[in-house]
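In what follows, a single structure is set out as structure tokens and then discussed.
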Amino acid sequence: MKKREFLGAMSAAAATAVFAPKPGWASDELELLTPGVLKSATEGTYPPFSMRLPSGELDGLEMRIMGEICSRLDLAYEPIIVKWESMLVGLQADHFDIVGNAMGITAERQKAVTFCDGWIETGARVVVHKDSEYSSPDQLSGEKIGAIAASTFIPIVEQLGGDLKAYKADVDGMQDLVNGNIEAIILESIAANYAITKSKLPLRSLPGLIDPAQLGWAVKKGKPNLVRAINETRAQMVEEGKVAELFDDILGYDPSPKEPIRSML
């Protein structure tokens with residue numbers, strides 16, 4: 001059984017903590033594909049949300065909070081590596097229980113899936129080369145701008161009047177920007193700042209968030225107990241300060257929304 005196998009990738013405090021199942025939520029009530037196991041789709045290559053440690057273990061904001069939720073619900077946590085563009089298709093085909101990968105909560109997506117309450121407050125950020133003269137996104141009209149394929153950032157490129165170049169992964173677009181093949185790229189703010197700092201890239205973010213958003217976990221419609229159990233557990237963790245503790249060495253703060261977008265059940 002793979003129960004709690006990813007606790008080793010979490011902080012020492014999280015790894016040593018033991019929690020009883022939340023009263024009122026038995027694992028066989030949670031509409032899981034495999035009772036007692038939460039199968040969660042992730043890219044595994046989207047730092048700081050999901051990434052590999054030198055040991056090969058998965059770590060990141062997503063892994064830590066999902067692992068803690070599973071511990072408290074007495075579930076085994078089983079991340080499944082999936083390409084971004086295949087996540088919602090795989091969810092509908094019952095390949096996994098939830099999309100744990102950071103995903104923007106949009107009205108269009110809410111028609112197809114049920115989102116758990118928003119767990120991160122963030123937004124899009126325009127990133128340019130550090131030596132460029134750009135000081136505002138408004139200066140990028142007519143320029144070549146990158147964005148991740150099938151992401152909510154594509155319309156932002158259009159709003160800015162840019163010439164879109166789509167990428168499969170953030171790292172590909174950022175490398176193209178470093179090499180001067182594009183003038184800017186639209187990225188999620190937390191991931192962008194983490195990558196620039198961690199990898200010491202010659203890039204910088206322009207001031208101001210574009211299209212502030214909340215990220216959520218997507219669940220196939222018709223699983224209200226699973227959504228409620230996750231929402232209740234996450235909210236309890238935020239109130240206790242556990243989320244801030246889990247994220248401290250990566251972000252240094254708790255990015256949980258003060259007013260989360262609520263699940264539509």
Side-chain angles (χ1 to χ4, degrees), residues 1-11 13-42 49-50 57-82 87-88 90-103 105 109-110 112-120 214-247 254 256-257 260-265:
M1 187 175 184
K2 297 181 179 179
K3 190 172 184 178
R4 297 186 178 87
E5 67 185 57
F6 283 88
L7 286 178
M10 303 167 76
S11 65
T16 57
V18 177
F19 297 92
K22 181 176 177 59
W25 292 115
S27 62
D28 59 358
E29 296 178 324
L30 298 182
E31 304 125 347
L32 298 169
L33 298 173
T34 302
V37 180
L38 182 69
K39 298 181 179 181
S40 177
T42 183
F49 296 96
S50 63
E57 292 179 290
L58 284 169
D59 190 19
L61 306 180
E62 174 194 337
M63 274 66 229
R64 295 184 183 192
I65 192 169
M66 291 294 264
E68 180 75 3
I69 288 171
C70 285
S71 292
R72 294 186 178 214
L73 291 173
D74 198 32
L75 299 175
Y77 172 38
E78 185 179 325
I80 298 175
I81 304 298
V82 180
M87 287 188 175
L88 291 181
L91 181 68
Q92 301 293 9
D94 291 329
H95 293 166
F96 32 82
D97 299 291
I98 190 169
V99 174
N101 205 80
M103 180 174 286
I105 302 174
R109 287 173 177 160
Q110 285 176 317
V113 300
T114 299
F115 278 98
C116 297
D117 292 349
W119 69 287
I120 280 188
Q214 290 186 25
L215 307 182
W217 299 310
V219 176
K220 187 175 180 179
K221 286 184 178 292
K223 298 188 176 185
N225 287 349
L226 178 59
V227 173
R228 290 190 180 102
I230 290 174
N231 287 346
E232 291 173 8
T233 307
R234 188 199 65 83
Q236 182 183 47
M237 289 164 54
V238 172
E239 184 177 352
E240 293 174 355
K242 189 62 181 180
V243 174
E245 178 186 331
L246 291 173
F247 293 174
D254 180 357
S256 301
I261 296 175
R262 299 299 180 185
S263 300
M264 297 176 63
L265 295 172

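Residue numbers start at 1 and run along the sequence shown. Just so you know, these numbers come straight off a predicted model, no measurement behind them. Worth knowing before you read on, the calculation uses all heavy atoms, side chains too, and leaves out hydrogens, waters and symmetry mates.
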Let's go through L75 and V37 carefully: what are the C-alpha distance in whole Å and the side-chain angles of both, what is the deciding distance for side chain to side chain contact (heavy atoms under 4.5 Å, CB included) to 0.1 Å, and is it a yes or a no?
CA-CA 5 Å; L75 299 175; V37 180; over 6 Å; no

Short question: side chain of [X], backbone of [Y] - any donor-acceptor pair under 3.5 Å?
| X | Y | answer |
| --- | --- | --- |
| K221 | Q92 | no |
| N225 | E29 | yes |
| D97 | L33 | yes |
| E31 | L226 | yes |
| S263 | F115 | yes |

Within the 4.5 Å heavy-atom criterion, are [X] and [Y] side-chain neighbours or not?
| X | Y | answer |
| --- | --- | --- |
| T114 | K223 | no |
| E78 | T34 | no |
| I80 | H95 | no |
| E62 | S40 | yes |

Rounded to the nearest 0.5 Å, the CG atom of L73 sits from the CD atom of E232 at a distance of 9.0 Å

With rounding to the nearest 0.5 Å, note down the distance linking CG in L88 to CE in M103.
4.0 Å

Once you measure the plane-to-plane angle for F49 and W119, does it fall in the parallel (<30°), tilted (30-60°) or perpendicular (>60°) bin?
perpendicular

Do R72 and E68 pass the salt bridge (charged side-chain N to carboxylate O under 4.0 Å, His left out) test, and can you show the C-alpha distance, the side-chain angles, and the key distance before you say yes or no?
CA-CA 6 Å; R72 294 186 178 214; E68 180 75 3; 3.2 Å; yes

Partners of P260 by side-chain contact (heavy atoms from CB on, under 4.5 Å), sequence neighbours excluded?
D117, Q214, R234, P257, R262

